[in-house]
Amino acid sequence: MCMQYSPQYSLQNALRKDFFERPTPEVAQDLIGTVLVRTLTDGTVLAGRIVETEAYLHEQDAASHSYRGKTKRNEAMFGEAARLYVYRIYGIHYCANIVTENVGRGAAVLLRAVEPLEGLEEMMRRRKTEQIRQLCNGPGKLAQAFDFTMEDNHQSLLHSSCCILPNTIQQDIAVSPRIGITKAANELLRFYLAGNEFVSRGRWKG
DNA sequence: GGTGGGATTAGCT
DNA sequence: GCTAATCCCACCA
């Protein structure tokens, strides 16, 4: 189920910067089905198919961290596309976003869930659980499993140790309002693979 | 210099 | 369903 897909872990195939320089909802939707790959310093490869994302837009989007303009905390959002914007949430967890559009826009895509493909033992160790479904089915969990921390803020996704591989599957993408926000809560900016069990909050009904 | 809130999670009822 | 855990940082004084 989760191991049948065998991605080519090669930078040759990786998504390039122009993929991320498009309108953020398009990027968020097109990221569904792609594969997030990270190679740790010890050579361990972590990979997962992205099954859930949310788009956070520029300064008109009241739910976006960029809503009140550029600050020290969110400056990565205003930087180059295809870089990571990582922040700490509720003092405990991290959330990993991919910066989109052009420099100065302040837009990004939140990675909410991935289906683990490779490096599961490492993820289990970091997550302190052996339940595969629990490894990456939420933004905080995903960040913990892939070891994304503030050190990775501004990190580029355009090299072999950290990149996104193209979608090779064809599945139905569903849309919904974003989760966990109070402002602009009706915008349909959350995208996920319909019926996929690794989507957060157990929204899969199997 | 103090304070409040947050794109969450785990564990308990 | 409810709530504690726990930390920047933005904002106001």
- [ ] With rounding to the nearest 0.5 Å, note down the distance linking CZ in A:F198 to SG in A:C136.
- [x] 9.0 Å
Between N or O atoms, less than 3.5 Å apart, protein on one side and nucleotides 1-4 of chain B on the other: list the pairs.
none

Task: Lys NZ or Arg CZ of A:R22 over A:F20 ring: under 6.0 Å, within 45° - done: no
Open item on the list: So that I can tick it off, tell me whether A:K70 and A:E75 are bridged by a salt bridge, with the cut-off set at under 4.0 angstrom between side-chain N and carboxylate O.
Closed with: no
Task: Greater than 12 external heavy atoms within 6.0 Å of A:D18's CG - done: yes
Open item on the list: Just to be sure I follow the notation: if a pair is Watson-Crick (purine N1 to pyrimidine N3 plus N6-O4 or O6-N4) or a G-U wobble (N1-O2 and O6-N3), each under 3.5 Å, what dot-bracket string does DNA chain B give, with | for pairs to another strand?
Closed with: ||||||.|||||.
TODO: Using a strict 4.0 Å threshold on nitrogen-to-oxygen distance, state whether A:R126 and A:E122 make a salt bridge.
DONE: yes
TODO: Considering only NZ, NE, NH1 and NH2 on the basic side and carboxylate oxygens on the acidic side, decide whether A:D152 and A:R83 come within less than 4.0 Å.
DONE: no
Open item on the list: Other residues, nucleotides and ligands only: do more than 12 of their heavy atoms fall within 6.0 Å of CD on A:E130?
Closed with: no
- [ ] Decide yes or no on side chain to side chain donor-acceptor pair (under 3.5 Å) for A:S66 and A:E59, but give the supporting numbers first.
- [x] CA-CA 5 Å; A:S66 60; A:E59 297 178 42; over 6 Å; no
Task: Outermost nucleotides of DNA chain C that come under 4.0 Å of a non-hydrogen atom of chain A - done: C:dA5 to C:dC11
Task: Ionic contact status for A:R178 with A:D61, cut-off 4.0 Å - done: yes
Task: Residues which pass ring pair (Phe, Tyr, Trp, His ring centres under 6.0 Å) with A:Y87, listed by chain and number, not counting sequence neighbours - done: A:H65, A:Y85
Task: ILVMFWY cluster membership beyond A:L57 - transitive side-chain contacts under 4.5 angstrom - done: A:L189
TODO: Pick the P atom in B:dG5 and in C:dA13, then give their distance to the nearest Å.
DONE: 15 Å
Open item on the list: Looking at every non-hydrogen atom in both residues, tell me the closest pair between A:I98 and A:I164 and how far apart they are.
Closed with: CD1-CD1, 3.8 Å
TODO: For each nucleotide in nucleotides 5-13 of chain B, reading 5' to 3', give B when a protein heavy atom comes within less than 4.0 Å of its base, S when such contact involves only the sugar-phosphate, and - otherwise.
DONE: -BBBSS---
